[in-house]
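To keep things clear, I will list the structure first and then write my remarks on it.
Atoms within a ligand are numbered from 1 in the order they appear, just like the ligands themselves. The residues of the chain are indexed from 1 along the displayed sequence.
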Amino acid sequence: MLQLLVVGSVALDTVKTPFGEGHEVLGGSASYFSTAASYFAKVNLIAVVGEDFPESHLAFLRRREIDLAGLERRPGRTFRWRGEYSYQLNEAKTLETQLNVFETFRPQVPAAYRSPDLLFLANIDPELQHDVLRQVKRPRLVACDTMNFWIDGKRDALARLLKDVDVLIVNDGEARALGADPNLVKVARTIRAAGPKTLIIKRGEYGVLMFHHDRVFAAPAFPLEQVKDPTGAGDCFAGGFMGYLASTGNLGDEALCRAVVCGSVMASFAVEEFSLDRLRRLDYKEIEARFKEFKRLTFFEDI
Ligand code: AMP
């Protein structure tokens with residue numbers, strides 16, 4: 001099994017959707033990513049929390065066998081994010097971002113983490129993402145996420161980072177903002193010319209597109225009867241994607257397509273409930289069963 005390292009946020013989220021709300025629940029890009037990836041591979045996590053971060057959340061991450069040697073606890077308050085979704089559930093409206101301990105955070109990669117095979121730079125300040133990349137031996141694959149908050153606020157730092165990234169995983173709105181065009185195929189060309197050879201665009205309930213070499217691969221979102229909270233779907237997608245790649249060690253083209261489906265499977269579970277609640281009681285057999293359902297969902301014969 002390959003070594004998988006993630007740097008990102010560990011957060012307390014307050015989320016409101018038309019189907020309920022969660023107050024200061026476990027969130028953050030690295031929490032979602034590592035929990036989803038932990039079904040496939042061992043994950044090392046780098047992030048920071050404040051003194052107020054509940055022990056019960058740490059216990060949950062430990063139960064998932066996520067290595068927390070790189071999770072610093074600092075004086076101050078934990079990062080907080082507050083967001084809301086409208087009836088369509090497709091895009092979060094950020095109501096408040098409190099960086100708190102992230103404001104002065106400088107990630108220190110522990111010695112044991114410095115040769116990762118796969119590195120995921122989950123959504124945080126692109127300067128911090130680059131900081132981590134500089135501290136490790138060049139991994140076999142570097143993937144990265146970001147959001148409009150950084151595309152608007154730290155465009156130059158993000159552009160520098162993208163030169164060193166193999167796979168960029170963003171949603172359609174972010175891709176359009178980065179590529180400065182409404183057409184996703186044109187956007188893919190622009191972004192891939194700026195660094196990442198592979199671009200994965202998440203389109204919420206419309207599924208995922210992967211632009212890779214000369215090929216575009218599409219996976220639908222699983223048609224679910226109950227979607228309560230889309231928060232973290234993107235990070236769970238990335239966790240399933242990278243976790244699957246780490247579990248097999250195969251980074252070939254077909255493996256990337258299967259990884260996209262594993263990512264879509266993990267995202268489909270995550271949105272069924274608030275925070276990481278669905279993943280708390282998920283077992284690997286359910287993941288395999290949904291992977292098979294995805295295959296049936298998309299299979300068709302030649303005309
Ligand atoms: P996603 O829904 O997959 O895009 O990610 C949602 C998670 O991102 C939430 O749990 C938030 O805590 C986290 N998040 C929101 N804004 C930021 C930010 N500016 N930096 C880092 N993490 C963030």
Problem - Pair D67-Y113, side chain to side chain donor-acceptor pair (under 3.5 Å): steps then yes or no - result: CA-CA 10 Å; D67 192 306; Y113 291 4; 2.6 Å; yes
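Looking only at distances, no side-chain donor or acceptor of R203 sits under 3.5 Å from a matching main-chain atom of V208. Remark: the backbone N or O of V43 is not paired with any side-chain donor or acceptor of R64 at under 3.5 angstrom.
Scanning the protein heavy atoms around atom 22 (N) of ligand 1, the nearest turns out to be S9 OG, 2.9 Å. The protein heavy atom nearest to atom 8 (O) of ligand 1 is S29 N, 4.1 Å. The nearest heavy-atom contact from the protein to atom 15 (C) of ligand 1 is W81 CD1, 3.3 Å. The protein heavy-atom contact nearest to atom 4 (O) of ligand 1 is D235 OD2, 4.3 Å.
If you look at Y32 next to ligand 1, the close heavy atoms, those under 4.0 Å, all belong to the side chain.
The shortest N or O to N or O distance between N123 and ligand 1 is below 3.5 Å. The shortest N or O to N or O distance between G28 and ligand 1 is below 3.5 Å. Among the atoms of D13, some N or O lies under 3.5 angstrom from an N or O of ligand 1.
Counting all heavy atoms, side chain and backbone alike, N250 lies closest to G252 at OD1-N, 2.8 Å. Residues P116 and V136 share a closest heavy-atom pair of CD-CB, 3.7 Å.
Heavy atoms of F79 come nearer than 4.0 angstrom to ligand 1 in at least one pair.
Interface of M147 with ligand 1, defined as ligand atoms under 4.0 Å from a residue heavy atom, comprises 16 (N), 17 (C), 18 (C), 19 (N). Set against the non-hydrogen atoms of T231, the atoms of ligand 1 under 4.0 Å away are 2 (O), 6 (C), 9 (C), 10 (O). Close contacts between ligand 1 and A11 involve ligand atoms 12 (O) [criterion: under 4.0 Å to a heavy atom]. Near W150, the atoms of ligand 1 lying under 4.0 angstrom from a non-hydrogen atom of the residue are 19 (N), 20 (N). For ligand 1, the atoms sitting less than 4.0 Å from at least one non-hydrogen atom of G27 are 10 (O), numbered in the order shown with element in parentheses. The ligand atoms of ligand 1 that sit less than 4.0 angstrom from a heavy atom of G234 are 3 (O). Close contacts between ligand 1 and G232 involve ligand atoms 1 (P), 2 (O), 3 (O), 5 (O), 6 (C) [criterion: under 4.0 Å to a heavy atom].
Geometrically, R280 engages F60 in a cation-pi contact defined by less than 6.0 Å to the ring centre and at most 45° from the axis. For the pair R192 and F211, the cation-pi criterion (under 6.0 Å, within 45° of the ring axis) is not fulfilled.
Residue E65 places its CD atom among 12 or fewer non-hydrogen atoms of other residues, nucleotides or ligands, all under 6.0 Å distant. Within a 6.0 Å sphere centred on CZ of F19, other residues, nucleotides and ligands contribute more than 12 heavy atoms.
Judged purely by distance below 3.5 Å, without hydrogens or angles, the side chains of D52 and T78 pair a donor atom with an acceptor atom.
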